[in-house]
Amino acid sequence: MPAQFSKVLVANRGEIAIRIFRACYDLGVHTVAMYSNEDINSLFRIKADEAYLIGENQSPLGAYLDIPGIIDLARRRGVEAIHPGYGFLSENADFARACEQNGIKFIGPPSHILAQMGDKLAAKATAIACGVPIIPGSTRPLKDADEAVEMALSYGFPIILKAAAGGGGRGMRRCDSEQDVRREFQLVKNEAKKAFGNEDIFIEKFLVQPKHIEVQILADEHGNVLHLGERDCSLQRRYQKVVEYAPAWSVPQATIEALRADAVKIAKYVGYVNAGTVEFLVDGQTGQHYFIEMNPRIQVEHTVTEMVTGVDLVRAQILIAEGHPLSHPAIGLSSQDDLRMNGYAIQCRVTTEDPANNFAPDTGKITAYRSGGGFGVRLDGGNAAAGTVISPYYDSLLVKVTSWDNTFEGACRRATRAISEEHVRGVKTNIPFVTNILTHPDFHAGKCHTKFIDDTPELFDIENSKDRATKVLKYIAQIQV
């Protein structure tokens with residue numbers, strides 16, 4: 001019988017740290033938090049059973065990237081497992097390897113799989129070996145700008161330059177001409193080096209107005225691999241997701257089935273273990289789907305999958321790391337037939353950004369905070385409280401508002417109401433902008449693509465967002481039974 005962890009360290013901060021602490025609590029597992037100097041007053045540190053300063057002499061980001069310091073803390077506190085959350089070290093094979101070498105369970109895939117799937121070029125090679133279609137592009141790092149230009153001309157513009165170890169929208173630049181490629185090449189390499197410690201970049205053909213669909217995977221240490229449906233993550237700004245929903249109802253069912261099958265195929269091929277997400281682009285003109293990457297970690301938008309499947313993904317991660325199969329009663333998936341999807345869920349990311357100032361991150365003290373709520377509304381926050389000081393050092397995410405309903409229109413209405421109830425004073429937020437997305441008729445019709453935000457100027461009409469929300473809520477009320 002697998003042994004239950006008695007103490008888990010969360011090597012992260014903010015809302016995802018709290019999310020993991022809660023899953024551990026539900027399993028009766030003692031929790032350990034780590035925090036930087038800048039996070040000494042952050043809410044997440046008081047949600048754990050123990051909390052310790054990390055990286056005292058490090059930069060705000062460096063504290064959460066200090067592998068030797070984190071391992072030392074884990075060993076001193078008798079930690080048996082580490083959950084990396086998302087971002088920071090979550091896809092770092094060296095961190096997973098350090099855990100393994102020190103007898104600490106890394107709650108995620110083994111280090112060799114992280115090395116294979118965390119690198120986008122290696123992941124593309126895996127997809128090719130599996131017979132899964134990929135976007136035309138390079139399969140090895142680019143040598144220089146001349147090679148990038150040569151390949152761009154062969155694929156035809158537009159193209160996109162990407163960091164091989166990238167994620168979260170960083171290290172990506174669209175190029176529409178040879179001049180763009182030469183100008184952006186070194187900039188992307190520098191950004192990749194700074195953000196990921198790896199300056200390798202590659203090139204791909206840029207698809208115009210595709211949908212971004214990702215398939216959630218769970219795999220145990222006994223060879224069982226299942227999907228938990230898919231999410232539509234097409235609503236993006238600067239490659240950062242803003243609103244996501246599940247299931248991806250506007251994509252033809254035949255395409256959805258192909259995406260799910262290809263995601264499972266890739267996961268099985270590499271011997272994947274734990275939770276992961278296989279991401280695809282679906283061409284808006286041809287309907288052809290292409291594999292783009294695999295995120296070997298929990299995703300920010302995992303909440304919508306949990307809402308429509310009833311599966312606690314973070315708890316499943318911990319149970320899998322303990323050695324339990326997917327058939328464990330707390331996961332409840334003996335086979336793919338056990339998956340039940342119910343209704344529709346929408347996640348909105350409320351950030352401390354100023355839509356009227358090109359979405360510049362805002363900082364300062366939250367002087368007043370009132371949250372949304374009610375049936376079918378879930379809130380995941382890390383600093384959403386009056387008196388909290390929003391610093392400039394970390395991601396601007398304040399709270400994730402996830403809404404569920406039996407119908408997509410109902411979920412839109414509930415999401416709009418929940419967002420409208422979010423009351424934040426002291427710092428700027430993107431709430432009016434998100435409201436404009438939720439109330440746009442093309443969003444209700446499932447017509448959104450990855451360039452929808454850039455191509456829809458009315459979304460930036462912040463002053464009229466409340467009036468538009470009121471009108472749309474009244475319209476939805478008329479068509480609801």
Side-chain angles (χ1 to χ4, degrees), residues 7-25 29-67 69-70 72-74 76-77 79 82-90 95 107 168 240 297-300 302-303 314 349-354 360-372 378-402 422-431:
K7 186 179 286 190
V8 169
L9 168 68
V10 178
N12 217 298
R13 63 178 301 280
E15 69 88 12
I16 189 58
I18 294 174
R19 170 72 185 89
I20 299 165
F21 295 149
R22 287 170 171 162
C24 288
Y25 182 89
V29 178
H30 191 88
T31 53
V32 180
M34 57 179 233
Y35 60 91
S36 66
N37 285 302
E38 291 73 20
D39 271 333
I40 194 167
N41 294 315
S42 292
L43 180 64
F44 76 91
R45 60 168 292 203
I46 66 172
K47 295 292 186 179
D49 297 308
E50 304 175 33
Y52 301 96
L53 179 66
I54 191 78
E56 189 172 2
N57 299 315
Q58 301 274 2
S59 67
L61 290 176
Y64 293 100
L65 299 173
D66 182 8
I67 294 176
I70 295 171
D72 179 64
L73 172 62
R76 285 187 288 110
R77 303 314 306 172
V79 165
I82 295 179
H83 196 306
Y86 56 71
F88 293 128
L89 295 170
S90 62
F95 182 47
I107 301 179
Q240 293 280 356
R297 54 173 168 82
I298 196 72
Q299 294 275 91
V300 180
H302 74 275
T303 61
V314 176
R349 303 187 189 187
V350 176
T351 62
T352 53
E353 297 174 325
D354 184 2
D362 198 18
T363 60
K365 180 182 288 188
I366 298 177
T367 57
Y369 178 76
R370 184 176 67 246
S371 67
R378 166 179 171 175
L379 304 177
D380 291 73
N383 285 308
T388 296
V389 176
I390 305 299
S391 80
Y393 303 115
Y394 303 111
D395 187 272
S396 59
L397 179 64
L398 183 66
V399 61
K400 301 185 308 195
V401 181
T402 307
E422 286 285 320
H423 176 88
V424 184
R425 293 292 180 270
V427 291
K428 300 286 187 180
T429 74
N430 67 338
I431 289 175

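As the structure is a computational prediction, the values presented were derived from the model and not from experiment.
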Could you go step by step and tell me if Asn12 and His83 meet the side chain to side chain contact (heavy atoms under 4.5 Å, CB included) rule? CA-CA 8 Å; Asn12 217 298; His83 196 306; over 6 Å; no
Please lay out, stage by stage, how Leu43 and Thr388 fare under the test side chain to side chain contact (heavy atoms under 4.5 Å, CB included). CA-CA 8 Å; Leu43 180 64; Thr388 296; 5.7 Å; no
Between Val350 and Asn430, does the side chain to side chain contact (heavy atoms under 4.5 Å, CB included) criterion hold? Intermediate values first, please. CA-CA 6 Å; Val350 176; Asn430 67 338; 4.0 Å; yes
Begin from the C-alpha positions of Glu422 and Leu379 and carry the test side chain to side chain contact (heavy atoms under 4.5 Å, CB included) through to its verdict. CA-CA 10 Å; Glu422 286 285 320; Leu379 304 177; 3.8 Å; yes
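Here the side chains of Val389 and Asn41 are not in contact, with every heavy-atom distance at 4.5 Å or above. Under the 4.5 Å side-chain criterion, counting only non-hydrogen atoms from C-beta, Ile70 is in contact with Phe95. When side chains are defined from C-beta on, Asp39 does not count as touching Tyr393, because their heavy atoms never get closer than 4.5 Å. By the 4.5 Å heavy-atom criterion applied to side chains, Tyr35 and Leu53 are counted as neighbours. Annotation: side chain of Tyr369 is not in contact with side chain of Arg425 (no heavy-atom distance under 4.5 Å). A heavy-atom distance below 4.5 Å is not found between the side chains of Phe44 and Asn383. Considering only heavy atoms from C-beta on, Ile390 comes within 4.5 Å of Leu398 through its side chain.
Here the closest non-hydrogen pair linking Ile16 and Gly85 is CG1-CA, 3.9 Å. Nearest heavy atom pair, residue Lys7 against residue Arg77, reads NZ-O, 2.9 Å. Across every non-hydrogen atom of Gly382 and Ile18, the tightest pair is CA-CD1, 3.9 Å. In plain terms, the two heavy atoms of Tyr86 and Gln299 that are nearest each other are CD2-C, 4.3 Å.
For Thr352 (side chain) and Ser396 (main-chain N/O), a donor-acceptor pair under 3.5 Å exists by modelled atom type. Side-chain atoms of Arg45 never come within 3.5 Å of backbone atoms of Ala33 as a donor-acceptor pair (strictly under, hydrogens ignored). A donor-acceptor pair under 3.5 Å is formed between the side chain of Thr31 and the backbone N or O of Asp49. In this structure, Lys47 contributes its side chain and Phe21 its backbone to no donor-acceptor pair below 3.5 Å.
To the nearest 0.5 Å, atoms CG (Asp395) and CD (Gln240) are separated by 7.0 Å. Rounded to the nearest 0.5 angstrom, Ser90 OG and Ile298 CD1 are separated by 10.5 Å. To the nearest 0.5 Å, atom CZ of residue Arg349 and atom OG1 of residue Thr429 are 16.0 Å apart. Here the straight-line distance linking atom CG of Asp72 with atom CD1 of Ile67 works out to 13.5 Å at 0.5 Å rounding. One finds the CD1 atom of Ile82 at 9.5 Å from the CG atom of Leu89 (value rounded to the nearest 0.5 Å).
Applying the side chain to side chain contact (heavy atoms under 4.5 Å, CB included) test between Asp66 and each of Glu56, Gln58, Met34 identifies Gln58 as the sole match. With Lys400 as reference, Glu15 is the one residue of Glu15, Arg19, Arg378 to meet the side chain to side chain contact (heavy atoms under 4.5 Å, CB included) rule.
Between Tyr64 and Tyr394, the ring-plane angle classifies as perpendicular under the 30° and 60° cut-offs.
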